[in-house]
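What follows is a short report on a single structure.
Counting starts at 1 for both ligands and their atoms, following the listed order. Just so it is clear, the model here is predicted, and its values are computed rather than measured. As a basis for the values below, the full set of heavy atoms in this structure was taken, side chains included, without hydrogen atoms, waters or symmetry mates.
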Amino acid sequence: FSKFKEGLTKTRDALMGKVESLISFGRKIDEEFYEELEEALIMADVGVNTVMGIMDDLRSAAKKQKLTEAEELKPVLKQILVELMGEDKAELSTNRDGLTVILFVGVNGVGKTTTIGKLANQFKAEGKKVILAAGDTFRAGAIEQLEVWGQRAGVDVIKQGAGSDPAAVIFDGIQAAKARKADVLLCDTAGRLQNKANLMDELNKIYRVIRREMPEAPHETLLVLDATTGQNALSQAKLFGEATGVTGLVLTKLDGTAKGGIVIAIRKELEVPVKMVGLGEKIDDLQPFDPKDFVDALFA
Ligand code: GDP
């Protein structure tokens, strides 16, 4: 929890710092107060729709409980966020008696390769045999970068040359994972997003290849989103959600941003759960996402 809390420092300062200063000095609840609070939440990338919902709940709770002091709203706000975020931790779905295939999707630069390296390291530490498939054959340097992570985590990387067919690389990855009796295959993909049709074609081909080899796979399709892009992350999630069967989100770079309020917007506006968060560039800077810890960290 302390690491999680530390990673959220900027978000907490942006979101709760403003809220704290609004609430202090014996301020009374009035229309001006509500407007400033609303603005503070929007500035922290909580998202307009989500903020409207929060403000409605806050106003009605204040009315019902006959609150007059701004200070009294703090626990009410916390409770609203706890309810909004839910308490359920989203675990990764894995195949208990055989190979687990996890596909990573997302636009360039969001942190796919880094996340794969971190997760490979975690699985390895649990005693699992891990293989990486270098399916991002498009971005210059992506294959080499995955190999560097493979070395760091001490796991094998299956690759072909730059520009080769990503579906073919992932096919090779599945064959190798089966032959070597691996527990987990983590598949990188290219994040080009010239247009949706293109993205769908490429990802559909990868799905077809995976399903032909293993009908129940992939066990997860994780969409990696960069928290520093704020509301942009939300639109990427909508786009990828339409193009692929995304089963979970990984929100990276939460450590470097004041826009962590996006986590709240994502929870409210998307059906897909945040499963992990990236809190730094190092190999152990990936944590499972616990919505309750998130709210506690904001109010800690
Ligand atoms: P990809 O193009 O999606 O594969 O993205 P990369 O994995 O290459 O990551 C892009 C940049 O983001 C790199 O410089 C990473 O070190 C950095 N990065 C990835 N995850 C995190 C994170 O959780 N926190 C921080 N601060 N940086 C990250």
Have a look at Phe240 and tell me which of Val107, Val272, Thr221 forms a side-chain contact (heavy atoms from CB on, under 4.5 Å) with it. Val107

Looking at Asp255 and Gly278, what are the two nearest heavy atoms and their distance? OD1-O, 3.8 Å

Salt bridge between Lys112 and Asp188, side-chain N to carboxylate O under 4.0 Å? no

Sub-4.0 Å atoms of ligand 1 with respect to non-hydrogen atoms of Gly278: 23 (O)

shortest atom 3 (O) of ligand 1-to-protein heavy-atom contact is with Lys112 N, 2.8 Å

Taking atom 18 (N) of ligand 1 as the reference point, the nearest protein heavy atom with its distance: Lys253 CE, 3.8 Å

To the nearest 0.1 Å, how far is atom 22 (C) of ligand 1 from its closest protein heavy atom, and which atom is that? Gly280 O, 3.1 Å

Only heavy atoms of Gly111, strictly under 4.0 Å: list the atoms of ligand 1 that pass. 1 (P), 3 (O), 5 (O), 6 (P), 7 (O), 9 (O), 19 (C)

Mind jotting down which residue pairs meet the side-chain hydrogen bond (donor to acceptor under 3.5 Å, both in side chains) criterion with at least one end in residues 271-285? Sequence neighbours excluded, please. Lys3-Asp285, Glu220-Lys275

Is a donor from one side chain sitting under 3.5 angstrom from an acceptor on the other, for Glu83 and Gln79? yes

Here the pair of heavy atoms bringing Ala133 nearest to Ile170 is CB-CG1, 4.3 Å

Provide, to 0.1 Å, the distance between atom 2 (O) of ligand 1 and the closest protein heavy atom, together with that atom's residue and name. Gly109 N, 2.7 Å

Among all protein heavy atoms in this structure, tell me which lies nearest to atom 7 (O) of ligand 1, with the distance rounded to 0.1 Å. Thr114 OG1, 2.6 Å

Would you mind checking which non-hydrogen protein atom is closest to atom 4 (O) of ligand 1, with the distance to 0.1 Å? Thr113 OG1, 2.5 Å

As an exercise, identify every atom of ligand 1 less than 4.0 angstrom from a heavy atom of Gln145. 6 (P), 7 (O), 8 (O)

In plain terms, say whether Glu39 and Lys18 are close enough for a salt bridge, that is, a side-chain N and a carboxylate O under 4.0 Å apart. no

Specify the protein heavy atom at minimum distance from atom 16 (O) of ligand 1: its residue, its atom name, and the distance to 0.1 Å. Glu281 OE2, 2.6 Å

Short N-O contact, Glu20 and Arg12, less than 4.0 angstrom: no

Using the ring pair (Phe, Tyr, Trp, His ring centres under 6.0 Å) rule, collect all pairs that involve residues 253-297, keeping only residues at least two apart or in two chains. Phe289-Phe294

Contacting atoms of ligand 1, where contact means under 4.0 angstrom from a heavy atom of Leu279: 23 (O)

Return yes when atom NZ of Lys78 has more than 12 non-hydrogen atoms of other residues, nucleotides or ligands closer than 6.0 Å, and no otherwise. yes

Atoms of ligand 1, numbered as shown, that sit under 4.0 Å from any heavy atom of Arg139: 1 (P), 2 (O), 4 (O), 8 (O)

Check each heavy atom of Lys118 against ligand 1 and say whether those closer than 4.0 Å belong to the side chain, the backbone, both or neither. side chain

With backbone taken as N, CA, C and O and side chain as the heavy atoms from C-beta onward, which portion of Asp188 lies under 4.0 Å from ligand 1: side chain, backbone, both, or neither? neither

Side chain, backbone, both or neither: which part of Asp255 has a heavy atom under 4.0 Å from ligand 1? side chain

Provide the number and element of each atom of ligand 1 under 4.0 Å from a heavy atom of Asn108. 2 (O)

